[in-house]
Chemist: 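I have a structure I would like to understand better, so I am pasting it below and will then ask my questions one at a time.
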Amino acid sequence: MGRVRKVLTGPLVIAVLVVAVGGAGFGLYWFQPWKLWQDQTVQEALPGVAESSAPPAAAPAESPSPAIGPRTLASGELISHEHATSGTVKLVRLADGSHVVRLENLNTSNGPDLRVWLTDAPVKQGKAGWHVFDDGEYVSLGKLKGNKGSQNYVLPGDTDLSGFSSVSIWCDRFDVSFGAAELART
């Protein structure tokens, strides 16, 4: 028994245990596997669309012409890449002239470091489309607010929309697309 105890408390065994525990901790941090079982639902209204339960007030006799509301400039359906992903993507111009990317009825897996990217890359089916979105131009619109629901992402004011043709749910940690949509102009 003394020989077994001596082997188990030897420097090599202790070093292997330290490396194994450190590796397991790093793996848990890097992959965050618990997120596969955690859903975060976000339900945001489209900015500039008034939702009111009260009846509209009577309009004055001479009212100014109403402001033009949000207008969809392009849209597309999300396809799956690394993870099953579905929903609709819309590029919307708001009444004030600003733009948002709107994800509607999004349903994807949760994951570490997910972002919403407006890109110039073509959307390809299957594994061929997993890694193309960081090859060209893209604008990161921020962290994905939730892996389910409808949400808005404001575009920077100086974004030239003419060069962008797709949106990707991008995992920045592993440089892979969870899903993407080709934007068709309306």
Chemist: Has the side chain of Gln151 got a donor or acceptor atom that lies under 3.5 Å from a matching backbone atom of Gly146?
Modeler: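 Yes.
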Chemist: List the steps and the verdict of side-chain contact (heavy atoms from CB on, under 4.5 Å) for Val139 and Leu155.
Modeler: CA-CA 8 Å; Val139 176; Leu155 272 70; 5.9 Å; no
Chemist: Using modelled atom types only, decide if a donor and an acceptor are shared between the side chain of Glu44 and the backbone of Asn152 within a distance under 3.5 Å.
Modeler: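 Yes, the answer is positive, given that a donor and an acceptor are paired below the 3.5 Å cut-off.
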Chemist: For residues Ser80 and Thr85, is any side-chain donor paired with an opposing acceptor at under 3.5 Å?
Modeler: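 Short answer, no.
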Chemist: State, to 0.1 Å, how close Ala180 and Phe133 come at their nearest heavy-atom pair, and which atoms those are.
Modeler: CB-CZ, 3.4 Å
Chemist: Roughly how far apart are Gln38 CD and Asn110 CG, rounded to 0.5 Å?
Modeler: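 Answer rounded to 0.5 Å: 7.0 Å.
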Chemist: What are the two closest heavy atoms between Pro70 and Pro47, and how far apart are they?
Modeler: CG-O, 3.6 Å
Chemist: Spell out, yes or no, whether Leu106 and Val89 are grouped together once hydrophobic residues are joined by side-chain heavy atoms under 4.5 Å, including indirect joins.
Modeler: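 Leu106 clusters together with Val89.
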Chemist: Quick one: do Arg71 and Leu94 satisfy side-chain contact (heavy atoms from CB on, under 4.5 Å)? Show the steps, please.
Modeler: CA-CA 6 Å; Arg71 181 170 168 246; Leu94 302 176; over 6 Å; no
Chemist: Heavy atoms only: give me the nearest Ala74-Leu183 pair and the separation to one decimal.
Modeler: CB-CB, 4.0 Å
Chemist: Between the side chains of Thr186 and Thr72, is a donor N or O closer than 3.5 angstrom to an acceptor N or O?
Modeler: no
Chemist: Could you check whether any side-chain heavy atom of Leu78 comes within less than 4.5 Å of a side-chain heavy atom of Thr108, counting everything from C-beta outward?
Modeler: no
Chemist: Under the side-chain contact (heavy atoms from CB on, under 4.5 Å) rule, what do Val42 and Leu103 come out as? Steps first, then yes or no, please.
Modeler: CA-CA 10 Å; Val42 174; Leu103 305 178; over 6 Å; no
Chemist: Transitively linked via ILVMFWY side-chain contacts under 4.5 Å: Trp170 with Val116?
Modeler: no
Chemist: Work out which heavy atom in Trp117 is nearest to a heavy atom in Asp172; give both atom names and the distance.
Modeler: CZ2-OD1, 3.8 Å
Chemist: Quick one: does any side-chain atom of His81 pair with a main-chain N or O of Lys124 as donor and acceptor, under 3.5 Å?
Modeler: yes
Chemist: Would you kindly confirm whether Phe164 and Ile169 end up in one hydrophobic cluster when ILVMFWY residues are joined by side chain heavy atoms under 4.5 Å apart?
Modeler: yes
Chemist: How many angstroms lie between CD in Glu137 and CG in Asp160, if you round to the nearest 0.5 Å?
Modeler: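 Here the rounded value is 10.5 Å.
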Chemist: Ignoring hydrogens and geometry beyond distance, is a side-chain donor-acceptor pair present between Ser166 and Glu182 at under 3.5 Å?
Modeler: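 The answer is no; no qualifying pair exists.
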Chemist: Return the minimal non-hydrogen interatomic distance between Val132 and Ala128, and the atom names on each side.
Modeler: CG1-O, 3.4 Å
Chemist: Could you check whether any side-chain N or O of Asn147 sits under 3.5 Å from a backbone N or O of Asp39, counting only pairs where one atom can act as donor and the other as acceptor?
Modeler: no
Chemist: So, Thr119 side chain and Ala121 main chain: donor-acceptor pair closer than 3.5 Å or not?
Modeler: yes
Chemist: Nearest 0.5 Å, please: how far is CZ in Arg102 from OG in Ser150?
Modeler: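 Between atom OG of Ser150 and atom CZ of Arg102 there are 5.0 Å.
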Chemist: Around atom CD of Gln43, are there more than 12 heavy atoms from other residues, nucleotides or ligands closer than 6.0 Å?
Modeler: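 Yes - once you tally the heavy atoms of other residues, nucleotides and ligands closer than 6.0 Å, there are more than 12.
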Chemist: Without swapping roles, check the side chain of Tyr153 against the backbone of Lys145 for a donor-acceptor pair under 3.5 Å.
Modeler: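 Between the backbone of Lys145 and the side chain of Tyr153 there is a qualifying donor-acceptor contact (under 3.5 Å).
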Chemist: Between the main-chain N or O of Ser86 and the side-chain N or O of Asn107, is there a donor-acceptor pair closer than 3.5 Å?
Modeler: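 No; zero donor-acceptor contacts below 3.5 Å.
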Chemist: Could you state whether Val123 and Leu114 fall into the same hydrophobic cluster, counting links through intermediate Ile, Leu, Val, Met, Phe, Trp or Tyr residues with side-chain heavy atoms under 4.5 angstrom apart?
Modeler: no
Chemist: To check you understand the geometry: which heavy-atom pair defines the closest contact between Val154 and Leu141, and what is its length?
Modeler: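 The pair with the smallest heavy-atom distance is O-CD2, 3.9 Å.
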Chemist: Is it true that a side-chain atom of His83 and a backbone atom of Gly179 form a donor plus acceptor pair closer than 3.5 Å?
Modeler: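 Here the side-chain-to-backbone pair does not exist.
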Chemist: Give a yes or no on whether the backbone of Lys148 and the side-chain of Thr41 come within a donor-acceptor separation of less than 3.5 Å.
Modeler: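 Between the backbone of Lys148 and the side chain of Thr41 there is no qualifying donor-acceptor contact (under 3.5 Å).
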Chemist: Roughly how far, to the nearest 0.5 Å, is CD of Glu77 from CD1 of Ile79?
Modeler: 11.0 Å
